[in-house]
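Remarks on the structure that follows.
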Amino acid sequence: MKQTHALVVDDEPEAAEVIQLLLQSAGATADVCYSAAESLERVPRGQYDIVFTDLTMSGLDGLELCRRFAANQPDVPVIVITGNASLDAAVQALRVGAFDFLTKPVDPDLLAHVTQRAVNHRRLRAEVKQLQQRVANIASPPSLVAGSSTMRRVLDMVDRVAVTDATVLITGESGTGKELIARTLHERSARRGRPFVAVNCAAIPQHLIESELFGHAKGAFTDARNARNGLFVEADGGTLFLDEIGEMPLEMQAKLLRALQERAVRPVGSNQEIPFNARILAATNRDLETEIAERRFREDLFYRIAVVVLELPPLRDRAGDVPLMAQRFVQRFAERHGKNVVGISPQALQAILWYNWPGNVRELENCIERAVALAAFDHLTPDDLPARVRSYQPEQFVIEADRSEDLITLAELERRYTARVMKAVNGNKSKAARVLGIDRRTLYRMFDREQQGGSNSAPTSDLPEPGR
Ligand SMILES: Nc1ncnc2c1ncn2[C@@H]1O[C@H](COP(=O)(O)OP(=O)(O)OP(=O)(O)O)[C@@H](O)[C@H]1O
Ligand SMILES: [Mg+2]
């Protein structure tokens with residue numbers, strides 16, 4: 001095993017040298033340093049495994065030294081040595097992050113023992129960190145539930161495009177699973193095992209986004225003391241996921257387009273291009289075609305990223321997913337919270353199925369987590385669900401046809417119901433077609449029929465505009 005390399009800090013040279021000798025006879029190497037301030041300067045450069053410090057020193061004292069190490073180099077254990085067996089001071093040192101303490105005169109065996117323990121601890125910490133990183137890299141994303149035919153089609157597409165390097169645009173309302181799909185794409189591609197770097201374009205201040213993505217040269221701006229790689233380069237060999245791309249400022253969109261075309265980025269303040277090898281995925285909950293029409297999104301960039309488009313419908317339009325997901329979430333959260341919940345009562349499931357889930361899968365997930373945490377029985381009951389879910393009243397569609405003269409034809413029923421749906425979706429024809437389970441052209445044909453001979457009660461504002 002590698003020899004332990006220690007630093008001893010004490011403003012009394014003889015005291016420091018005693019510890020140094022004791023450490024050497026325990027098989028370690030040790031440097032000494034006569035002030036806390038100096039040791040702080042030295043440590044970032046030197047590779048010490050452990051630091052011993054006297055507590056009372058002139059200038060910066062041992063306590064402050066512990067604090068600084070705990071803040072800046074938490075991996076390096078600090079052992080405090082107290083003179084007059086002042087336990088109070090030792091306890092205080094432990095509180096601010098010292099690993100252990102020894103009292104003077106220092107017992108050689110105890111010193112050897114404490115050193116060994118601290119060094120083992122440091123090694124374990126480093127190993128755990130490494131393992132965590134490795135696990136984070138290989139851990140597959142939470143498994144994706146696909147009960148509806150829509151989601152199965154999406155998964156099918158995922159498998160087909162995962163193996164290519166094509167840029168994929170994932171669209172859908174908030175909480176529909178865009179990020180999960182992006183991770184799944186990465187995991188099912190040859191790039192798995194390489195980094196998956198996700199960046200939320202909406203969360204980065206506009207003036208930082210360029211350097212975040214492309215990196216910056218040393219001195220590019222006031223805070224840039226060192227050159228830094230951007231995320232394009234960090235995702236090397238892996239996948240870069242540009243989340244909320246619809247929020248990207250126009251000026252940045254132009255630079256992004258250029259980078260995608262050249263397959264190279266130019267760090268801020270540098271005139272050198274760095275090629276990158278990352279697969280690009282993007283997601284948005286905005287309707288980019290509208291954004292383009294209103295000149296908030298560049299059309300050329302859209303075509304660059306939308307090589308393949310994966311559209312995630314809202315959860316209310318894929319009822320087939322709901323029971324399966326709910327059951328999967330029950331299992332997951334029962335395990336996580338150590339609860340003995342195994343399923344969902346028929347009444348609770350009924351409520352879950354009725355509800356329209358405006359927050360999509362994320363809302364369902366939160367709702368089940370809360371329910372599992374509250375559950376008093378081994379099956380969730382309606383009482384475990386939030387009131388909004390438990391007492392949701394779907395809008396009713398009632399045909400008043402109890403008198404024979406009110407009876408209507410199927411065509412009339414179709415007409416009324418279609419108008420009703422159009423109203424509910426604020427005139428959005430793609431949505432209406434989805435709700436009705438027909439394609440858009442069929443919907444237009446219905447409107448055409450209406451225009452030609454239909455009743456004048458047709459909601460004229462809902463008529464399709466030509467060419468859409
Ligand atoms: N098909 C699915 N199966 C299982 N879990 C899912 C599925 N889709 C989404 N989830 C879960 O729902 C939550 C929300 O998903 P995700 O964060 O991917 O949504 P999003 O579309 O990126 O949302 P936002 O637009 O708000 O960022 C996550 O915890 C995710 O694991
Ligand atoms: Mg997201």
Side-chain angles (χ1 to χ4, degrees), residues 136 139-159 161-162 167-189 196-204 209 212 231 235 239-248 280-288 290-291 297 305-306 308-337 344 349 352-353 355-373 386 389 434:
S140 28
S143 62
L144 220 142
V145 179
S148 64
S149 54
T150 320
M151 269 317 274
R152 281 200 298 271
R153 267 200 304 277
V154 169
L155 263 193
D156 225 48
M157 275 280 265
V158 164
D159 280 331
V161 295
T167 306
V168 179
L169 176 67
I170 306 162
T171 63
E173 287 179 12
S174 182
T176 46
K178 297 184 293 295
E179 177 152 7
L180 185 58
I181 288 285
R183 283 182 188 277
T184 306
L185 265 166
H186 173 72
E187 287 306 320
R188 297 189 179 184
S189 78
F196 174 85
V197 177
V199 49
N200 184 340
C201 303
I204 306 174
I209 195 163
E212 192 68 21
L231 297 175
T239 303
L240 177 64
F241 175 45
L242 301 170
D243 203 358
E244 316 268 10
I245 196 165
E247 317 292 316
M248 190 176 273
I280 307 297
L281 304 177
T284 181
N285 55 18
R286 294 203 184 184
D287 176 13
L288 286 189
T290 310
E291 297 297 296
F297 202 84
I305 56 174
V308 176
V309 179
L310 287 177
E311 214 183 306
L312 298 183
L315 191 55
R316 60 189 165 278
D317 292 350
R318 39 183 167 120
D321 286 334
V322 175
L324 213 61
M325 279 180 181
Q327 185 58 43
R328 188 73 67 83
F329 293 151
V330 166
Q331 274 167 13
R332 186 197 301 165
F333 293 118
E335 219 166 274
R336 188 175 301 170
H337 300 302
I344 305 171
L349 191 60
I352 287 172
L353 282 169
Y355 186 60
N356 69 343
W357 302 108
N360 295 301
V361 187
R362 181 174 300 112
E363 185 184 7
L364 175 63
E365 199 177 17
N366 292 345
C367 161
I368 299 284
E369 175 162 23
R370 173 183 178 277
V372 167
V389 177
R434 231 187 288 137

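Atoms within a ligand are numbered from 1 in the order they appear, just like the ligands themselves. None of these values were measured; they are calculated from a predicted model.
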Does [X], backbone or side chain, put an N or O under 3.5 Å from an N or O of ligand 1?
{"X": "Asp243", "result": "no"}
{"X": "Lys178", "result": "yes"}
{"X": "Val361", "result": "no"}
{"X": "Val145", "result": "yes"}

Check the pair Glu365, Phe333 against side-chain contact (heavy atoms from CB on, under 4.5 Å), reporting the backbone distance first and the verdict last.
-> CA-CA 9 Å; Glu365 199 177 17; Phe333 293 118; 3.8 Å; yes
Who's the nearest protein heavy-atom neighbour of [atom], and how far?
{"atom": "atom 19 (O) of ligand 1", "answer": "Gly177 N, 3.1 Å"}
{"atom": "atom 22 (O) of ligand 1", "answer": "Glu179 N, 3.1 Å"}
{"atom": "atom 26 (O) of ligand 1", "answer": "Ser174 OG, 2.6 Å"}
{"atom": "atom 27 (O) of ligand 1", "answer": "Arg362 NH2, 3.8 Å"}

Indicate yes or no for a side-chain donor-acceptor contact from [X] to the backbone of [Y] under 3.5 Å, with no hydrogens or angles considered.
{"X": "Lys178", "Y": "Ala282", "result": "no"}
{"X": "Arg152", "Y": "Gly147", "result": "yes"}
{"X": "Asn360", "Y": "Arg362", "result": "no"}
{"X": "Trp357", "Y": "Pro314", "result": "no"}
{"X": "Asp321", "Y": "Ser148", "result": "yes"}

Can a non-hydrogen atom of Gly175 be found less than 4.0 Å from any atom of ligand 1?
->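 The answer is yes, since Gly175 has a heavy atom less than 4.0 Å from ligand 1.
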Take Leu312 and Met151 through the test side-chain contact (heavy atoms from CB on, under 4.5 Å) and record every step on the way to the result.
-> CA-CA 8 Å; Leu312 298 183; Met151 269 317 274; 4.2 Å; yes
Close-contact set for ligand 1 against Leu144 heavy atoms, below 4.0 Å |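 Ligand 1 atoms under the 4.0 Å threshold to Leu144: 1 (N), 3 (N).
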Given Glu365, Glu369, Arg332, Glu244, which has its nearest heavy atom closest to atom 28 (C) of ligand 1?
-> Glu365
Between Leu312, Leu180, Leu155, which one has a non-hydrogen atom sitting closest to atom 30 (C) of ligand 1?
-> Leu180
Part of [X] within contact of ligand 1 (heavy atoms, under 4.0 Å):
{"X": "Phe329", "result": "side chain"}
{"X": "Arg328", "result": "neither"}
{"X": "Ser143", "result": "backbone"}

Nearest heavy-atom neighbours spanning Leu155 and Ala146 = CD1-CB, 3.8 Å
Value rounded to 0.5 Å, distance of CD in Glu179 from CZ in Phe241 =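 Reported value, rounded in 0.5 Å steps: 5.5 Å.
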Should Glu247 and Arg286 count as an ion pair when the cut-off is N to O under 4.0 Å?
->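 A salt bridge links Glu247 with Arg286.
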